[in-house]
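Both backbone and side-chain heavy atoms feed into the values below; hydrogens, waters and symmetry mates do not.
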Amino acid sequence: MPITRQDREILRLAVPAFGALVAEPLFLLADYAIVGHGLGTTAVGALGVAGTVLATMVNLCVFLAYGTTATVARQSGAGNHGQAMRGGVDGIWLALAIGVALVALCWPAAPAIVGMFGAPPGQTEEAVTYLRISLLGAPSMLVVLAGTGVLRGLQDTATPLVVAVGSFALNAALNAWFVLGMDWGIAGSAWGTVLAQTLGAVVYVTVVVRGARRLGTRLLPDLAGVRQAGTAGVALLIRTVCLRIVLIVATVVATRMGEAELAAYAIATQVWTLLALALDAIAIAGQAITGRTLGAGDAEATKEATRRMVRWGVWSGVVLAVLVLAARPLLPGLFDADPQVTEQLLAVLWPVALLQPLCGVVFVLDGVLIGAGDQRYLAWAGVWTTLAYLPAAFLTADFGIVALWCALGLWMFARLITLVRRAAGTAWLVTGA
């Protein structure tokens, strides 16, 4: 496949996006290492519980990035640069409002939220401490999501990469200082995260404020714009909730199968997540390019870019599949898996690998339709594909981990059908601002 100008643009956006996506999980591993080294097993467990709660909040609010990307890219493509920045400012105000609401709701409820995990008293107490301090960074965390969406919409994925690497490097350094140097315990890890998130939010706000002043855009919130951003976000929230339900149900089913199956599923899920981040980078490029070309009124350019990105998704999936199969004999050793887990893991890595080309198409088309502002269709498609998956998932409880992963494959295939069917039509090709 010869490299075209469109391919170079896709790579220009996708490569830095991939770096930003993988920066967070890599630096989170550093957090676990610091806490484990300095505080021990109890603190690591507490960090795992509180971290799960915080990760769920971030995943549910990812619409702040995706929705803002689509809005800003469309207005920018239409030449309405002031309106593009207006959409970015409104997205940041919405993120700030949601962040403050999360603090107000979750701070008093922290003991009850942590208690749902059934951890021992010592871990529960430390998890509550970590969660309550980390909640103070929730507004900054969500502002970072919205700010990332603004820059992606402006076709800039390099700055988010720099901010992500800088923030998470600072997070690791502060955690080491507070936990190991100042002996603040798990609270030190939480404060390090809050300060790093706040600095990242300050960078994004500074960039957006400068852009708004240059274009003469008001910085005060426009209630109609904030309300519109929230309305568009509801559909993306439904889509995200459906994704989370699928993963939660899979974990529940794997838990019922036995310890070896659960361990193999957990490891395979980590591999799957890393692969998804690689493919999601192309989807992010799809969001930015689709929004811009449709805003410019060029439906043909949108369709051609979509075809090129689908090809990139397929071939990226093929490469990832080959890499997984090549690394398959080595992966159990990396996780120090016992013989039973190794047997299960080696079996389940086959469907994990073979599904990657299909995942490449699904992720790309998902990003394209998000960029087109087709969130309502994605929400309904998410509901129907989840309903198709649930019976298959529960039926696999007696058939093992490979069958469970085949159910996940059925879910991905159902998503493929809904996305290809939509992309083949013209209803999503709405041009102009």
Side-chain angles (χ1 to χ4, degrees), residues 52 55-56 58-63 66 234-258 261-280 283 310 313-314 317 320-321 324 344-345 347-370 374-424:
T52 299
T56 300
V58 173
N59 287 327
L60 290 177
C61 293
V62 75
F63 67 85
Y66 292 173
V234 169
L236 287 175
L237 177 62
I238 293 171
R239 166 191 169 275
T240 303
V241 168
C242 290
L243 297 178
R244 298 303 297 177
I245 289 173
V246 167
L247 297 177
I248 290 170
V249 168
T251 303
V252 170
V253 173
T255 303
R256 295 177 179 176
M257 290 180 179
E261 287 84 356
L262 177 59
Y265 170 81
I267 295 171
T269 300
Q270 294 306 309
V271 174
W272 176 278
T273 300
L274 182 60
L275 301 174
L277 291 174
L279 295 173
D280 208 32
V310 167
V314 171
L320 292 176
V324 171
Q344 296 288 338
L345 181 58
V348 81
L349 285 174
W350 278 103
V352 169
L354 296 177
L355 283 170
Q356 292 312 302
L358 184 151
C359 291
V361 178
V362 168
F363 283 30
V364 166
L365 292 180
D366 197 51
V368 166
L369 294 181
I370 289 174
D374 205 17
Q375 291 95 334
R376 183 175 298 179
Y377 178 83
L378 291 172
W380 279 109
V383 171
W384 291 118
T385 54
T386 301
L387 290 175
Y389 157 81
L390 291 177
F394 285 114
L395 285 173
T396 64
D398 297 324
F399 296 97
I401 197 75
V402 173
L404 173 59
W405 218 272
C406 288
L408 288 167
L410 173 65
W411 169 62
M412 291 300 297
F413 187 71
R415 291 183 67 190
L416 177 71
I417 292 173
T418 60
L419 293 169
V420 169
R421 178 178 176 273
R422 186 65 166 182

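- Using a 4.5 Å heavy-atom threshold, the side chains of I238 and L378 count as separate.
- Counting heavy atoms from C-beta outward, I417 and V420 have side chains that stay 4.5 Å or more apart.
- Side-chain contact between W350 and V324 is absent, with no heavy-atom pair separated by less than 4.5 Å.
- At a threshold of 4.5 Å between non-hydrogen side-chain atoms, the residues F394 and V249 count as touching.
- With sequence neighbours left out, the side chain to side chain donor-acceptor pair (under 3.5 Å) criterion links R415 to no other residue.
- Heavy atoms of other residues, nucleotides or ligands lying less than 6.0 angstrom from CZ of R244 number more than 12.
- How far CG of L404 is from CZ of F399: 12.5 Å, rounded to the nearest 0.5 Å.
- Shown here for A392 and T396, the closest heavy-atom pair between the two residues is O-CG2, 3.0 Å.
- With sequence neighbours excluded, the residues satisfying side chain to side chain contact (heavy atoms under 4.5 Å, CB included) with T418 are Y377, A381, T385.
- For the pair W405 and V402, the minimum side-chain heavy-atom distance is 4.5 Å or more.
- One distance of note links CH2 of W384 with SG of C242; it measures 11.0 Å at 0.5 Å rounding.
- Side-chain contact between W411 and L243: present, with at least one pair of heavy atoms (C-beta onward) separated by less than 4.5 Å.
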Residues 353-370, side-chain donor-acceptor partners within the protein, below 3.5 Å, at least two apart:
unit_1: Q356; atom_1: NE2; unit_2: V352; atom_2: O; d: 2.8
unit_1: D366; atom_1: OD1; unit_2: R239; atom_2: NE; d: 3.4
unit_1: D366; atom_1: OD2; unit_2: R239; atom_2: NE; d: 3.2
unit_1: D366; atom_1: OD2; unit_2: R239; atom_2: NH2; d: 2.4

